[in-house]
Amino acid sequence: MSDTSSGHSLTSPRVATVPAVPYYICPRCKERSLDIDAREGFSEQAPACRHCGFGFLFELLDDYYPAPDTGLVVTDQDRRVLAIGRGIFELTGFPEADLMGRDLVQALQFSDDKPVELAREWGVRRLGEQMSIRTRGGHEKPVIADVFPAYDDDGGLLVALTPRRG
């Protein structure tokens, strides 16, 4: 639309859009970071954690702030444990060696596998899911689970488990 009397255009102003910058979290130490191109500098390798040196970071759509006592677990697309972070041993009693390669839902005996299955099948986050797990000592422990799907070709999940209070 233009104003012919003054010769000026009356179109709406241009709005600059900034592409979304991916958020990353280290599954081992829970350190969060940003990376514009998902590469460490000019390298073709995926970024590693600058804080603890862990071999890969997990990409999130939005920044996520886990609680201090939250434990993180990374699985492949078949729910098999690839890595555990600080807090999982304290929460479950399982050392990393006892969980590696096992189906996460079966190993920790999740009371409800729906959040994990929805994240796997539909690629959606499931936040604040109340469920329980079974510790290495056989005790049922109430937790809040946040489940994040992986956005790379490998698939997989990041599962954050936080003890429920009260």
Could you see if [X] belongs to whatever hydrophobic cluster contains [Y]? Use Ile, Leu, Val, Met, Phe, Trp, Tyr and a side-chain cutoff under 4.5 Å.
X	Y	result
M131	V124	no
I84	F94	yes
V81	V116	yes
F54	Y23	yes
M100	F58	no

Review point. Please, which pairs that meet salt bridge (Lys or Arg N to Asp or Glu O under 4.0 Å) have at least one residue in residues 105-114, sequence neighbours excluded?
Key: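 Every pair satisfying salt bridge (Lys or Arg N to Asp or Glu O under 4.0 Å) with a residue in residues 105-114: R79-D113.
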
Point to revise | L72 vs R28, side-chain contact (heavy atoms from CB on, under 4.5 Å): CA-CA, chis, key distance, verdict | key: CA-CA 7 Å; L72 302 178; R28 181 68 41 111; over 6 Å; no

Check your understanding: Hey, mind stepping through E129 and V147 against side-chain contact (heavy atoms from CB on, under 4.5 Å) and telling me if it holds?
Key -> CA-CA 8 Å; E129 297 285 347; V147 185; 5.6 Å; no

Side-chain donor or acceptor of [X] paired with backbone N/O of [Y] under 3.5 Å:
X	Y	answer
K30	T70	yes
R120	D78	no
D76	G156	no

Any heavy-atom pair between the side chains of [Y] and [X] that's under 4.5 Å?
X	Y	result
L57	C49	yes
P95	R136	yes
I88	L99	yes

Closest approach of [X] and [Y], non-hydrogen atoms and distance?
X	Y	answer
H51	C29	ND1-SG, 3.5 Å
A160	Y64	CB-OH, 3.4 Å
E96	A83	OE2-CA, 4.0 Å
P149	A119	CB-O, 3.7 Å
T162	R165	CG2-NH1, 4.1 Å

At what distance, to the nearest 0.5 angstrom, does [atom1] of [X] lie from [atom2] of [Y]?
X	Y	atom1	atom2	answer
R86	C26	CZ	SG	7.5 Å
L61	E59	CG	CD	7.0 Å
L157	L104	CG	CG	8.5 Å

Check your understanding: side-chain contact (heavy atoms from CB on, under 4.5 Å) between F148 and I25: does it pass, once the steps are laid out?
Key -> CA-CA 11 Å; F148 302 91; I25 191 165; over 6 Å; no

Review point. Would E90 and D69 count as a side-chain contact (heavy atoms from CB on, under 4.5 Å) if you check the C-alpha gap in whole Å, the side-chain angles of each, and the deciding distance to 0.1 Å?
Key: CA-CA 9 Å; E90 293 80 2; D69 55 352; over 6 Å; no

Practice item. Applying salt bridge (Lys or Arg N to Asp or Glu O under 4.0 Å), name anything that partners R102, two or more places apart in sequence or on another chain. Key: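 None.
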
Exercise for review: Mind checking ring-ring contact (aromatic ring centres under 6.0 Å, His included) for F110 and listing every partner two or more places apart, or none if nothing turns up?
Suggested key: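 Here no residue qualifies.
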
Check your understanding: Does R32 have any side chain to side chain donor-acceptor pair (under 3.5 Å) partners at least two apart in sequence or in another chain, and if so, which?
Key -> D63, Y65

**Study point:** For D62, all residues meeting side chain to side chain contact (heavy atoms under 4.5 Å, CB included), sequence neighbours excluded
**Key:** R125

Practice item. Please name all residues satisfying side chain to side chain contact (heavy atoms under 4.5 Å, CB included) with L91, sequence neighbours left out, ordered by chain then number. Key: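 Side chain to side chain contact (heavy atoms under 4.5 Å, CB included) check on L91 returns I133, K141, V143, L161, P163.
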
